[in-house]
Amino acid sequence: MGSLTQMTLGLWLALAAADPQALEREAKLLEAKLMAPCCWAQQVSLHQSPAADEIRQNIRRLLAEGKTSQQVIDFYVAEYGDRILSEPPARGFSRLIYVAPWVFLVGSVGLVVLVIRRLRAVSPAPAGAVAAAAPPSEDEAERIDEELRNLD
């Protein structure tokens, strides 16, 4: 029981010695970089669960002990793997996450340029040049006149 009290007292002294606002800012940044291991659906900063609460407390403890942000992240990556990271590292298959948006952007711009060029190649007739309709034949003219008389 005495060692637990000493450890708690040491933790509080370390927290008091460090700038509490800077420690809290760093802890919040780290919470946003880690996923909650209970469901892997939300960041630790947003998730409400005992596992997320434990990680939040552990982050503050590790920072109070003098660990750097990278050391804290490395600690959790060693424990849970890359899955704990909210932003996966750009290596292997995960690199696709970073490359795919640029590939789609370039492909979309190319497609738009191609469509515009094809539409310009098939340009409509000039506005002044209206196609002249052929006059109706005699049979058609008689039928039109008859239908107009029947309307009256």
Side-chain angles (χ1 to χ4, degrees), residues 11 14-152:
L11 179 63
L15 282 173
D19 181 17
Q21 290 177 343
L23 183 89
E24 188 62 26
R25 278 192 305 269
E26 192 65 31
K28 293 285 185 191
L29 289 173
L30 286 171
E31 289 172 8
K33 292 180 180 182
L34 299 174
M35 298 298 288
C38 55
C39 63
W40 305 105
Q42 284 184 322
Q43 298 169 338
V44 171
S45 59
L46 303 173
H47 195 67
Q48 299 299 320
S49 70
D53 292 339
E54 182 182 333
I55 289 176
R56 280 192 281 272
Q57 292 171 356
N58 199 22
I59 287 172
R60 282 165 180 74
R61 181 183 58 78
L62 291 170
L63 289 174
E65 290 175 0
K67 303 280 188 198
T68 64
S69 296
Q70 190 58 48
Q71 288 174 326
V72 174
I73 289 174
D74 291 342
F75 170 79
Y76 282 105
V77 168
E79 188 172 336
Y80 294 103
D82 285 341
R83 189 174 184 187
I84 192 80
L85 299 174
S86 61
E87 187 175 307
R91 64 176 182 257
F93 185 71
S94 297
R95 189 173 296 156
L96 186 63
I97 295 171
Y98 298 98
V99 174
W102 295 105
V103 170
F104 287 123
L105 177 68
V106 170
S108 299
V109 168
L111 184 65
V112 167
V113 168
L114 181 69
V115 168
I116 289 174
R117 284 186 179 174
R118 293 220 177 172
L119 287 176
R120 284 187 179 170
V122 184
S123 61
V130 176
S137 67
E138 263 190 53
D139 291 337
E140 291 173 340
E142 284 180 25
R143 193 170 3 125
I144 291 172
D145 286 340
E146 187 179 327
E147 287 182 18
L148 287 174
R149 274 184 252 132
N150 289 338
L151 285 176
D152 290 336

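Quick caveat: nothing in here was measured; it's all calculated off a predicted structure.
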[atom1]/[X] to [atom2]/[Y] distance, rounded to the nearest 0.5 angstrom?
X: Leu114; Y: Leu119; atom1: CG; atom2: CG; answer: 9.5 Å
X: Leu29; Y: Ile59; atom1: CG; atom2: CD1; answer: 10.5 Å
X: Lys33; Y: Ser86; atom1: NZ; atom2: OG; answer: 8.5 Å

side-chain hydrogen bond (donor to acceptor under 3.5 Å, both in side chains) involving Glu24 - partner list, sequence neighbours excluded:
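Glu24 satisfies side-chain hydrogen bond (donor to acceptor under 3.5 Å, both in side chains) with Arg60 once adjacent residues are dropped.
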Not counting sequence neighbours, which residues clear salt bridge (Lys or Arg N to Asp or Glu O under 4.0 Å) with Asp74? List them please.
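Asp74 satisfies salt bridge (Lys or Arg N to Asp or Glu O under 4.0 Å) with no other residue.
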N-O pairing of Glu65 and Arg61 below 4.0 Å
yes
Can you give me the closest heavy-atom contact between [X] and [Y], atom names plus distance?
X: Glu31; Y: Arg56; answer: OE2-CG, 3.2 Å
X: Lys67; Y: Val72; answer: CB-CG2, 4.1 Å
X: Asn58; Y: Phe75; answer: ND2-CE2, 3.5 Å
X: Ile55; Y: Pro37; answer: CD1-CD, 3.3 Å
X: Cys38; Y: Ser49; answer: SG-OG, 3.4 Å

Where at least one partner belongs to residues 97-108, residue pairs that pass salt bridge (charged side-chain N to carboxylate O under 4.0 Å, His left out), sequence neighbours excluded
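Every candidate salt bridge (charged side-chain N to carboxylate O under 4.0 Å, His left out) pair involving residues 97-108 fails, so no pair, neighbours aside, qualifies.
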For atom CD of Gln71, is the number of surrounding heavy atoms from other residues, nucleotides or ligands below 6.0 Å larger than 12?
yes
In terms of heavy-atom contacts, does CD of Glu138 have more than 12 from other residues, nucleotides or ligands at under 6.0 Å?
no
Any donor-acceptor pair under 3.5 Å from Ser45 side chain to Lys28 backbone
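Answer holds: no.
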For Tyr76, run the side-chain contact (heavy atoms from CB on, under 4.5 Å) check against Leu34, Val44, Leu30 and tell me which one passes.
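When Leu34, Val44, Leu30 are each tested with Tyr76, the side-chain contact (heavy atoms from CB on, under 4.5 Å) holds only for Leu34.
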